[in-house]
Amino acid sequence: MIILICDRKNIIDTDAVYANFTSGSTGTPKAVVVSHRSVIDFITCFTEIFGIEASDNIANQAPFDFDVSVKDIFSGVFTGAAVHLVPKMFFSFPTKLLDYLEEREITILIWAVSALCIVSTLNGFDYKVPGKLRKIMFSGEVMPVKQLEIWKKFIPDAEYINLYGPTEITCNCTYFRIPKDADLEAYTKGIPMGQAFPNERILLLDEDDRLITETDKEGEVCVSGTCVALGYYNNEKQTKYLFKTL
């Protein structure tokens, strides 16, 4: 993450606060520039919807150049929750990771799917089950149902939430709360994207940018709202191409 610094006395909410790099589908890194307004709008909704409080302990898994970390950092700043920076090496040693979560009394995980799967695929819960976890959120890729079943088996009382969204829309645009009594076999083809966050409009468009309203039709997910980033740093061509006015 690049933190963009400017004169605090003259700052306004539409100024940039940071830039996160993403390669997207091109393989070429692009710096997505996000404004203060977008972060404030998203984090206000995010912390309210999921009930993040000053008493919470958030375990930061994502490096600061990955936009998942934005939810950790600014949820802590906004609510007063403690953000614990998990040492990277612990994700190679599930026993150390689980000891850390237990010792720090971690209550909230906002992790990439791959990080959660490290614990479940290596049978980490046979060693220890953290006793304070109450919210487990995941994003970045499709959560395998078999791995989710393991997490729910050992930590049944936690709430599990699927998050979706590209870096260009300030972290996430949709969320899906997995019902506690859900039959996970129903999600073998994928967990639903769920509903849009407040103040974000989700559109499914065809190749001609026409709105798709029929069921069982494929299209491109497009998002509008305050959440949309300012564009790509020093890349006017890609910004004009992908950040459109409809």
Q. Ring centres of Phe176 and Tyr164 under 6.0 Å apart?
A. no
Q | Atom pair CG (Asn172) and SG (Cys227), whose distance is rounded to the nearest 0.5 Å | A | 10.0 Å
Q) Under 4.0 Å between a Lys/Arg side-chain N and an Asp/Glu carboxylate O for Lys153 and Glu149? A) no
Q) Given Asp41 and Asn199, is the side chain to side chain donor-acceptor pair (under 3.5 Å) satisfied, shown in steps? A) CA-CA 8 Å; Asp41 182 70; Asn199 202 33; 3.2 Å; yes
Q.
Grouping I, L, V, M, F, W and Y whenever their side-chain heavy atoms are under 4.5 Å apart, do Leu133 and Leu122 come out in a common cluster?
A. yes
**Q.** Interatomic spacing from CD1 in Ile110 to OG in Ser69 - rounded to 0.5 Å
**A.** 10.5 Å
Q.
On a heavy-atom basis, which atom in Ile58 and which in Gly76 lie closest, and how many Å separate them?
A. CD1-N, 4.4 Å
(Q) I need the minimum non-hydrogen distance between Ile106 and His84, along with the two atoms involved. (A) CD1-CD2, 3.7 Å
Q) Counting only heavy atoms not in Glu141, do more than 12 sit closer than 6.0 Å to its CD atom? A) yes
(Q) Does Glu214, at its CD atom, have more than 12 non-hydrogen atoms belonging to other residues, nucleotides or ligands within less than 6.0 Å? (A) yes
Q | Shortest non-hydrogen contact from Phe90 toward Leu97 | A | O-CB, 3.5 Å
Q) Measuring from Ile52:CD1 to Thr79:OG1, what's the distance to the nearest 0.5 Å? A) 6.5 Å
**Q.** Non-hydrogen side-chain atoms of Met137 and Trp111 separated by less than 4.5 Å
**A.** no
Q) After noting the C-alpha distance and the side-chain angles of Met89 and Lys96, does the key distance pass the side-chain contact (heavy atoms from CB on, under 4.5 Å) rule? A) CA-CA 9 Å; Met89 66 166 290; Lys96 290 182 179 293; 4.2 Å; yes
(Q) Nearest 0.5 Å, please: how far is OG1 in Thr213 from CG in Leu211? (A) 6.0 Å
Q) Under 4.5 Å between any side-chain heavy atoms of Gln238 and Phe243, yes or no? A) no
Q. Which class fits the ring pair Trp151 and Phe125: parallel under 30°, tilted 30 to 60°, perpendicular over 60°?
A. perpendicular
Q.
Less than 4.0 angstrom from a charged side-chain N to a carboxylate O is my criterion; do Asp99 and Lys128 meet it?
A. yes
**Q.** Main-chain N/O of Glu53 paired with Asp56 side-chain donor or acceptor, under 3.5 Å
**A.** yes
Q) So which heavy atom on Lys71 is nearest to which on Cys171, and how close? A) CG-SG, 3.9 Å
Q. Are Phe138 and Phe66 grouped together when hydrophobic residues (ILVMFWY) are joined by side-chain heavy atoms under 4.5 angstrom apart?
A. no
Q | Asn57 vs Thr107, side chain to side chain donor-acceptor pair (under 3.5 Å): CA-CA, chis, key distance, verdict | A | CA-CA 5 Å; Asn57 289 302; Thr107 58; 5.3 Å; no
**Q.** Ring centres under 6.0 angstrom apart (Phe78, Phe74)
**A.** no
Q. Looking at Ile161, Ile191, Ile136, which hits side-chain contact (heavy atoms from CB on, under 4.5 Å) with Ile178?
A. Ile191
Q.
Let me confirm one number: the CZ-CZ distance from Phe197 to Phe46, rounded to the nearest 0.5 Å.
A. 6.0 Å
Q: Step through the shown structure and confirm whether more than 12 heavy atoms of other residues, nucleotides or ligands are within 6.0 Å of NZ on Lys146.
A: no
(Q) Do Leu109 and Val68 sit in one hydrophobic cluster, given that two such residues count as connected whenever their side-chain heavy atoms are within less than 4.5 Å of each other, even indirectly? (A) no
Q: Mark yes or no: Lys135 above the aromatic ring of Phe50, with NZ or CZ under 6.0 Å from the six-membered ring centre and no more than 45 degrees from the axis.
A: no
Q: Rounded to the nearest 0.5 Å, what's the gap from CG on Leu205 to CD on Glu207? Could you check?
A: 11.5 Å
Q: Report whether Ile12 and Val17 are members of the same hydrophobic cluster (ILVMFWY, side-chain heavy atoms less than 4.5 Å apart, transitive linking).
A: no
Q.
Does any part of the side chain of Val142, heavy atoms only, come nearer than 4.5 Å to the side chain of Val113, both counted from C-beta?
A. no
**Q.** salt_bridge(Arg37, Asp15) N-O dist < 4.0 Å
**A.** no
Q: May I ask you to test the Glu185-Thr188 pair for a side-chain heavy-atom distance under 4.5 Å?
A: yes
Q. Under 4.5 Å between any side-chain heavy atoms of Phe42 and Glu200, yes or no?
A. yes
Q) What's the shortest heavy-atom distance between Asp157 and Lys180, and which atoms? A) O-NZ, 3.0 Å
Q) Going only through I, L, V, M, F, W and Y residues with side-chain contacts under 4.5 Å, is there a path from Leu230 to Ile40? A) no
(Q) For Asp208, is there any backbone N or O sitting under 3.5 Å from a side-chain donor or acceptor partner on Asp206? (A) yes
Q.
When you compare the side chain of Val86 with that of Phe91, does any pair of heavy atoms fall below 4.5 Å?
A. yes
Q: Ignoring hydrogens and angles, tell me if any N or O in the side chain of Ser75 forms a donor-acceptor pair with the backbone of Asp72 under 3.5 Å.
A: no
**Q.** Derivation of the side-chain contact (heavy atoms from CB on, under 4.5 Å) call for Lys237 and Tyr241
**A.** CA-CA 6 Å; Lys237 182 179 179 181; Tyr241 176 67; 5.8 Å; no
Q: State, with a plain yes or no, whether a side-chain heavy atom of Pro130 is found less than 4.5 Å away from one of Leu98.
A: yes
Q) Are any of the side-chain heavy atoms of Thr121 and Gln147 separated by less than 4.5 Å? A) yes
Q: List the atom of Cys173, the atom of Val223, and the distance in Å for their closest heavy-atom pair.
A: SG-CG2, 3.9 Å
Q. Are the side chain of Asn20 and the backbone of Thr22 linked by a donor-acceptor contact shorter than 3.5 Å?
A. no
**Q.** Arg134 with Glu159: basic N within carboxylate O range, under 4.0 Å
**A.** no
Q: Please lay out, stage by stage, how Thr167 and Phe21 fare under the test side-chain contact (heavy atoms from CB on, under 4.5 Å).
A: CA-CA 8 Å; Thr167 305; Phe21 283 89; over 6 Å; no
Q) Passes side-chain contact (heavy atoms from CB on, under 4.5 Å), His36 versus Thr14? Steps please. A) CA-CA 6 Å; His36 290 264; Thr14 54; over 6 Å; no
